[in-house]
Amino acid sequence: MLETVREYALELLQECGEAEEVPQRHAEYYLELAERAERDFDTPRQTYWLDRLEHDNFVAALGWHRE
C-alpha cells in the first residue's frame, strides 16, 4: 500500500513540475540536520542524534542525492 501511495505522490509531483525540486529540498533539510548533529555529537545528546540520523527519511535523502 505504501508503495502505491509513493508512486501516486511522485506522479502528482511530476504533473505540477516539482518532481526534482522536492527531493532536493528534502536532501537539503537532512544535510542541515546532519550538520547540526555534527556540532552536537560529542555531547550527552549523541544518542538523540543517532536515533534521528538513522531514520528512513534520512536514508531516502541520501539515496536521492546520490542519483
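- Qualifying side chain to side chain contact (heavy atoms under 4.5 Å, CB included) partners for A19, counting only residues two or more places apart in sequence or in other chains: L13, Q14.
- Residues meeting the side chain to side chain contact (heavy atoms under 4.5 Å, CB included) test with Q46, sequence neighbours left out: F41, L50.
- Nearest approach of A27 to A61, heavy atoms of both residues: CA-CB, 3.8 Å.
- In this structure H26 satisfies the ring pair (Phe, Tyr, Trp, His ring centres under 6.0 Å) test together with Y30, W64, sequence neighbours excluded.
- With sequence neighbours excluded, the residues forming a salt bridge (charged side-chain N to carboxylate O under 4.0 Å, His left out) with E21 are R25, listed by chain and number.
- Listed by chain and number, the hydrophobic cluster partners of L31 come to none, as no ILVMFWY side chain reaches under 4.5 Å of it.
- Residues satisfying the salt bridge (charged side-chain N to carboxylate O under 4.0 Å, His left out) test with E32, not counting sequence neighbours, are R36.
- In terms of the side-chain hydrogen bond (donor to acceptor under 3.5 Å, both in side chains) criterion, N57 has no residue partners (sequence neighbours excluded).
- The hydrophobic cluster around L12 extends to Y8, counting ILVMFWY residues whose side-chain heavy atoms fall within less than 4.5 Å of a member.
- For E38, the CD atom sits in a loose shell: 12 or fewer heavy atoms of surrounding residues, nucleotides or ligands are nearer than 6.0 Å.
- Each of V22 and V59 belongs to its own hydrophobic cluster when Ile, Leu, Val, Met, Phe, Trp and Tyr are linked at side-chain heavy-atom distances under 4.5 angstrom.
- In this structure T47 satisfies the side chain to side chain contact (heavy atoms under 4.5 Å, CB included) test together with D51, sequence neighbours excluded.
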